[in-house]
Amino acid sequence: MKGIVLFIGPPGAGKGSLAHMCVKQLGWVQLSTGNLCRKHIIEQTKIGKEIDFAIKSGNLVSDVLITSMVEEWLLQEYGKQPVVILDGFPRTAEQAKLLNNLVETKFKDLSVQVVTLDIPDTILVDRLSSRIICQNKDCQAVYSLSEGSLLRPAQDMVCDFCGSALGRRKDDEYEAVKERLTVYRRHEHGLLAFYKASNKSCIQLNVAQPITEVFKEFQEMIGLNTI
Ligand code: AMP
């Protein structure tokens with residue numbers, strides 16, 4: 001398999017966790033636009049200062065700015081690994097159009113596979129209220145404090161991968177979560193309509209199940225052997 005895989009789904013659907021499994025087990029490479037934005041904020045770059053308020057309040061960064069960040073990353077990473085996952089991009093029909101133009105002009109040999117992650121909002125609110133992430137800007141691994149979750153850290157509030165402290169995201173507070181879900185659903189229809197109208201390959205994943213099952217189903221759907 002070769003190309004760009006787009007993970008499209010609401011906040012809390014598990015895009016990052018699924019992408020992480022693809023990176024670890026399939027050797028793919030991942031760009032999370034959310035992680036990239038948070039890294040800019042922590043490093044207090046010019047972009048970070050510009051987007052800080054939008055992120056904390058659960059709103060979107062401008063289409064042009066986020067697409068230019070993706071373009072810059074793709075130009076650096078392009079060709080290093082056969083499959084690139086874009087996790088959390090595109091999020092609007094306008095971003096999808098900009099990405100299309102980018103692929104047609106600069107990454108002509110890359111196919112685009114669209115993967116939508118389906119899950120009801122009630123489950124998302126629960127998931128986000130127990131989500132914690134690694135505070136190391138270069139790690140940002142995702143965990144859950146839910147009883148019995150497969151994503152619980154081995155040691156309380158410590159990252160399994162890099163040993164940094166875990167903490168809550170500001171935009172996982174209830175008010176920001178409500179805003180993020182509203183914003184996501186507002187753009188969802190136009191975004192999916194864009195891909196339906198194009199001839200891109202689209203698959204739908206049920207992500208209201210444990211992450212290991214999601215990963216298994218995903219591999220089957222894209223034709224990878226899961227034995
Ligand atoms: P995430 O980690 O994917 O939930 O993203 C966190 C925040 O980063 C979002 O609420 C937006 O403010 C910003 N962000 C991430 N990806 C995008 C995108 N594709 N378009 C606009 N804003 C984005």
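Reckoned from all heavy atoms, side chains included, excluding hydrogens, waters and symmetry mates. Each ligand, and each atom within it, is numbered from 1 in the order the structure gives. Just so you know, these numbers come straight off a predicted model, no measurement behind them. Throughout, numbering of the chain's residues begins at 1 and tracks the sequence.
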Next item on the list: Could you pull out all residues at least two apart from Lys106 that satisfy side chain to side chain donor-acceptor pair (under 3.5 Å)?
Entry: Glu71

Margin query: Tell me every residue that passes side chain to side chain donor-acceptor pair (under 3.5 Å) with Arg185, counting only those two or more places apart in sequence or in another chain.
Written below: Asp121, Glu188

Item checked: For Phe7, all residues meeting ring pair (Phe, Tyr, Trp, His ring centres under 6.0 Å), sequence neighbours excluded ->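 Ring pair (Phe, Tyr, Trp, His ring centres under 6.0 Å) check on Phe7 returns Phe218.
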
Margin query: Checking the side chain of Thr33 only, and the main-chain atoms of Gly88 only, is there a donor and an acceptor separated by less than 3.5 Å?
Written below: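 Indeed, once roles are kept as given, a pair shorter than 3.5 Å links the two residues.
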
Item checked: Pair His187 + Phe194: ring centers closer than 6.0 Å ->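 No.
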
Check: Around ligand 1, what residues show up once you keep those with a heavy atom under 4.0 Å from it?
Finding: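 Residues Thr33, Gly34, Arg38, Ile55, Asn59, Leu60, Val61, Ile66, Gly88, Phe89, Arg91, Gln95, Arg169, Asp171, Arg180 each place a heavy atom under 4.0 Å from ligand 1, listed by chain and number.
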
Next item on the list: Answer yes if the side chains of Tyr195 and Asn100 hold a donor-acceptor pair under 3.5 Å, and no otherwise.
Entry: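 Checked: Tyr195/Asn100 side chains show no N/O donor-acceptor pair below 3.5 Å.
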
